[in-house]
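Scroll down for the structure; my scribbles are underneath it.
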Amino acid sequence: MFQSFRQAMAWLHTWFGLVLGFVLMAAFFFGALSVFDREIDRWAIPATRIEPQPMPSFERVLRPAFERMQPLPAAVEAMRPRVDGPMPERYDTVASWSAYTTHRDPVLALYAGYQVPNAKEPDEAIWAYATIDPRDGSPLPDDRLKIGSGFFYPMHYSLTLDWKNLGFWIVGFSALVMLAALVSGVVMHRKLFRELFTFRPDKGRLRSVLDLHNLTGVVALPFHFFFAFTGLVIFAAAYYFPIGHTQLHDLHELHEKHEAQALGLPHGRAGVPAGLANVDAMVAEAQHRWEARDMAGEVGFLVLQHVGDANGYVSVYRAGTDRIALVGQGIHFKASTGQLLREDPPATPVARVAEFLTGLHLQHFRHWLLRWLYVLGGLAGCVCIATGFVFFVEKRKRQHARDGSQGTRAVDALAVAAVTGMVAAALAILVANRLLPETLPARDAWERYAFWGAWTLALLHAAWRSGPVARGLPNPAWREQAWAIAALALAAAGLNWITTGDHLLRTLGAGYWPVAGLDLSLLATAAIAAASARRLGRRAEAKATETARDREAAHA
């Protein structure tokens with residue numbers, strides 16, 4: 001079929017990249033945005049525009065907040081089919097309370113799990129969630145969409161397709177194929193070092209597009225390979241091969257019991273009521289022990305298991321701001337007395353490798369320069385994929401025009417939607433966030449509708465305007481959607497000023513970079529989009545003039 005191994009790799013690289021490049025484009029773009037997901041949340045929810053706070057006092061702030069939490073009616077209805085008998089009016093048997101924060105979180109998310117009487121699965125719990133102001137424990141609206149961490153971030157790894165975990169599988173398969181595409185790309189381009197320094201923007205359109213595709217692929221090759229691989233590793237056990245929780249469920253449960261006995265931490269409830277000692281004293285003791293090990297730091301994760309039971313225990317984990325691993329150095333106390341149960345020993349070499357890979361991918365550490373390098377790496381991946389689309393279309397559209405084929409027209413329309421359309425949709429949700437009334441029922445759903453509606457319109461517009469591609473000409477939708485991106489970006493920044501009063505002069509003067517940084521990014525996006533649209537417009541005019549000249553010559 002192929003005359004050489006390199007030809008086989010070129011075929012694999014081209015078609016695998018084309019078919020799954022649309023998914024990878026979303027994974028790269030929303031992955032780049034997710035690097036600053038908390039900052040986007042603060043822009044989208046003005047009530048959270050406060051400075052990041054450390055883990056607050058349990059006794060003064062967290063305990064009252066936990067005690068007033070209950071599952072939402074939607075969670076109760078979702079649980080009802082998995083329960084034999086009526087659902088209780090109130091859930092009082094607490095399986096766990098937990099709170100997690102980082103150096104970038106101004107508000108605190110709380111999670112509470114409750115045992116359900118007569119549940120078909122004895123260990124199944126129903127969950128409640130709450131968001132509080134960590135300064136005083138006052139509840140914050142929890143029905144507002146956290147656009148960064150609650151929408152862009154899940155888009156990165158699941159496309160927000162939750163049915164049967166379909167999105168996880170699509171993104172995981174695409175990441176696996178991406179590894180094959182990267183390897184095949186290396187085989188195709190044997191002179192990688194030369195291509196690292198080769199970009200000829202003044203050459204023909206096809207040559208300059210290919211140069212940019214090669215350049216962005218080679219420069220960020222280690223980044224792309226590492227993140228595709230670690231993404232697969234992170235979700236392998238939970239979604240792709242959940243053997244322990246499915247085929248080997250009973251064995252997994254037995255292993256957990258034996259592990260709990262070995263660690264000295266109770267696996268289940270004893271059924272004997274017990275009180276709760278002062279958790280703040282346990283936290284202070286944990287911090288003292290970390291300091292004695294020259295690992296002083298804030299609490300990142302606080303978990304109370306089997307609350308109100310004699311087997312209850314409290315786990316305190318150190319925040320991961322000063323290292324790659326997310327959380328660690330856990331110290332565990334008996335909940336009823338505050339007695340030390342266990343201090344986690346240093347991780348094994350294998351565990352350290354796993355923690356390092358996971359932490360480097362999820363990047364919750366404190367290193368702003370590295371965060372921006374992550375953003376640039378993700379955007380380089382977007383450029384690499386986008387130029388791959390353009391090269392595919394440009395290389396074939398003249399031949400397809402002569403043959404009367406519509407293949408490149410369809411590919412070009414999809415490429416426009418995947419590149420400019422996706423950016424426009426991301427900006428549309430920000431514009432909707434600032435335009436929709438604060439008291440609008442199901443406001444978060446309307447914001448999602450704005451995103452998906454804008455993306456659908458971008459696809460329809462790209463298909464409608466793709467007629468010239470069938471004649472070997474550029475699709476004007478590229479230029480028109482670039483202008484739309486510029487307008488939406490300016491609108492988002494302007495609406496933030498109008499609706500909150502937080503204009504750039506104020507946020508820059510106060511050094512409040514989460515909001516100032518996003519507004520500056522919106523202005524930069526508008527400038528780049530406008531410049532791109534103008535350049536595409538000049539190229540279209542030049543192409544039209546050339547085509548008219550050719551027609552006149554043919555008639556002559």
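Owing to the predicted nature of the structure, the values given are computational and were not obtained by experimental measurement. For the single chain, residues carry numbers from 1 onward in sequence order.
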Looking at [Y], is its backbone amide N or carbonyl O close enough to the side chain of [X] to form a donor-acceptor pair, meaning the two atoms are under 3.5 Å apart?
X    : Y    : result
T358 : E355 : no
N433 : E447 : no
R371 : V35  : yes
E39  : L518 : no
R443 : P437 : yes
R318 : E298 : no

Heavy-atom side-chain proximity of [X] to [Y] below 4.5 angstrom:
X    : Y    : value
Y153 : L33  : no
F28  : F227 : no
F301 : S98  : yes

R366 and T102: side chain donor to acceptor below 3.5 Å
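Absent: no donor and acceptor within the cut-off.
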Applying side chain to side chain contact (heavy atoms under 4.5 Å, CB included), name anything that partners D41, two or more places apart in sequence or on another chain.
K146, S149
Taking the six-membered ring for Trp, are W372 and F36 ring centroids under 6.0 Å apart?
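W372 vs F36: aromatic centres under 6.0 Å.
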Salt-bridged, R144 to D444, with N to O below 4.0 Å?
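Not counted as a salt bridge, because no side-chain N and carboxylate O are separated by less than 4.0 Å.
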